[in-house]
There are 2 protein chains.
Amino acid sequence: MKEKRYKQVQDFLKLQIQKGYYDVGDYLPSENELCSTFSITRTTVRKALDELTREGFIERHHGKGSIVRERRKSLGLLNVKGFSEAVGEDVSTIFLQGPHSDFWSPEIHFKISEKELSQPCIHFSRLRCVGEVPVMIEHNWMNGTCLKEFSDIDFVNGSFFKTLSQHYHIEIVGSEQELRAENAHKDSADLLKVPLGSPILHISVKFHTSNSNFNIYSELYCNTNNYPVGNSYYL
Amino acid sequence: MKEKRYKQVQDFLKLQIQKGYYDVGDYLPSENELCSTFSITRTTVRKALDELTREGFIERHHGKGSIVRERRKSLGLLNVKGFSEAVGEDVSTIFLQGPHSDFWSPEIHFKISEKELSQPCIHFSRLRCVGEVPVMIEHNWMNGTCLKEFSDIDFVNGSFFKTLSQHYHIEIVGSEQELRAENAHKDSADLLKVPLGSPILHISVKFHTSNSNFNIYSELYCNTNNYPVGNSYYL
DNA sequence: GCTTTTGACTTGTACGTACAAGTCAAAAAG
DNA sequence: CTTTTTGACTTGTACGTACAAGTCAAAAGC
């Protein structure tokens, strides 16, 4: 039972992208080049590229080629408006707690699998600011056995997802989210510099990844007064 | 300049589904049947089915066939948990204002195109309840010229999107959303039966459709105390 | 009656070919 | 020097073929 040919090409190119061999905006080799390097037909190459397109890794342009794209934008995840991809924006991230071993917190909203509960947990939390204004508190928990020597590695471009992709070849393949409007508790009001009881957007997320034993559980608390949370998707 | 063959098949099948010729769970004709009815090769039929899969209209099963699916579930839209598709749940919808001609409201958060502003506006608003508990106020505005005799038509299964699809063949192709946690104003507090100033989840949505002159602008106000808003997506 | 096998169906993968159509720069024409 | 044309490159569409692999019921075997 050997692996399918298109899947081989797909995984090869994906790994190249993940490792940063191609930057965002770079062109992949042309279909005919890929045909000859892999000794397969264009039909099969195109199937591989179709899959990568569907997964959001590349974008294809008639007459020009396939370019590597910023995958985050294709995921339809919720984001603080003008965050992450914001160019020239004055965005900063403060680590409240760096990555460290911890217990699986009861604060986690989604159900944690038995397998995960039996394994060590890594936790870290950050405060996201625009200018001097704190807008989001972010708590993250995940299975520690999947991330060897995690705490030592610097975040790639400050992005946890990019770090996962480039260093561990783990990709987000899905998510579940729940959103609530709540009154700010003492801790979060303090950190977000808002009065106690202010309306806060609480988002619980479970990210599913390409490793079925590795999910990311996040609890986010957002001050949406000046920076609303948003997303968009297109077919 | 004639239309592409796979696109013809794709649009034909899509129309059949939209018109309700196939129910959710029904099998489409097999690929070989489609080949002979359209006098095209399987490659082209499969391309058409690939597109319909990508758009969320069908699901394919190896060895069995392609079945029609509930498209809403593939869209990654935010939904009140246990709403819409909830089976056996005690969900009800009350029209606060039935579909009627109105002005484009300043309450609309997203920018309205010039074309739309120059044309008449249809507005309706609903209150969504679980049991006796109101959980969401929903205001909708849209271009009236695209919906002839709209107010007279009963909503298909109580769903506005299904009505659009089946009666007008208009499909949602994308959306932009912004979310904020706010204090309840007098009107919304009243309708949602919560104290004035309670935290409320305010969602502004612009739905893009297959008709570029027809967008749906919605402002939603949710009481998330008992029924959080959620979504999920998978690759 | 029960289990196993067969066979006809389905979709999935992969081959090969041909031409259409978009892109871009170098060559030809003015 | 500027404009137009050509041509080599890219991806897109569509043809045709072959076999692999999953599904399911009817036929064969016990």
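Here is how names work: the chains are called A, B, and so on, in the same order as the sequence lines, proteins then strands, and each is numbered from 1.
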Closest to side chain of B:Arg46, choosing from D:dT13, C:dT11, D:dT10: C:dT11
- line: Winner on side-chain proximity to A:Lys4, out of C:dT13, D:dG12, C:dC15, is C:dT13
Aromatic plane relationship, A:His139 with A:His123 - under 30° parallel, 30 to 60° tilted, over 60° perpendicular: parallel
- request: Would you please confirm or rule out a distance under 4.0 Å between OP1 or OP2 of C:dC15 and any side-chain N or O of A:Thr44?
  value: yes
task: Quickly work out the B:Asn32 CG to D:dA18 C1' distance and round it to whole Å.
output: 13 Å
message: Please confirm whether the shortest side-chain N or O distance from B:Arg5 to OP1 or OP2 of D:dT13 is below 4.0 Å.
response: no
task: Grab the OH-P distance between A:Tyr6 and C:dA14 for me, whole Å please.
output: 7 Å
message: Tell me if a side-chain donor or acceptor on A:Gln177 pairs with a main-chain N or O of A:Ser204 at a distance below 3.5 Å.
response: no
task: Check whether any side-chain N or O of A:Trp104 sits under 3.5 Å from a backbone N or O of A:Gln119 as a donor-acceptor pair, and report yes or no.
output: yes
message: Under 4.0 Å from OP1 or OP2 of D:dC15: is there any side-chain N or O of B:Thr43 that close?
response: no
- request: Write down the distance between CG (B:Asp50) and P (C:dT13), rounded to a whole number of angstrom.
  value: 10 Å
- prompt: What is the distance from NE2 of B:His62 to C1' of C:dG12, rounded to the nearest Å?
  reply: 5 Å
statement: Here the distance between atom C1' of D:dG12 and atom CG of A:Leu49, to the nearest Å, is 13 Å
message: From CD of B:Glu33 over to P of C:dT10, roughly how many Å is that when rounded to an integer?
response: 6 Å
field: Donor-acceptor under 3.5 Å (A:Glu116 side chain, A:Asn215 main chain)
entry: yes
- prompt: Once you round it to whole Å, what is the distance between C1' of C:dA21 and CZ of A:Arg60?
  reply: 15 Å
- prompt: Between A:Arg42 and D:dT11, does any side-chain N or O lie under 4.0 Å from OP1 or OP2?
  reply: no
task: Name the closest nucleotide to the A:Lys47 side chain, picking from C:dT10, D:dT11, C:dT13.
output: C:dT13
field: Given D:dT23, D:dG22, D:dT10, the nucleotide with the shortest approach to the side chain of B:Lys64
entry: D:dT23
field: Spacing of B:Phe38 atom CZ relative to D:dC15 atom P, expressed in whole Å
entry: 12 Å
message: Need to verify one output field. Residue with the more 5' nearest nucleotide on DNA chain C, A:Gly63 or A:Val45?
response: A:Val45
query: Out of C:dT23, C:dT11, C:dC15, which has the shortest distance to the side chain of A:Thr41?
result: C:dC15
task: Report which part of the nucleic acid B:Ile40 touches: base, sugar-phosphate, or nothing (heavy-atom distance under 4.0 Å, all strands).
output: sugar-phosphate
query: Does NZ or CZ of A:Lys206 come closer than 6.0 Å to the centre of the six-membered ring of A:Tyr217, within 45° of the ring's axis?
result: no
query: Is D:dG22 paired to anything, Watson-Crick or G-U wobble with both distances less than 3.5 Å, and if yes, which nucleotide?
result: C:dC9
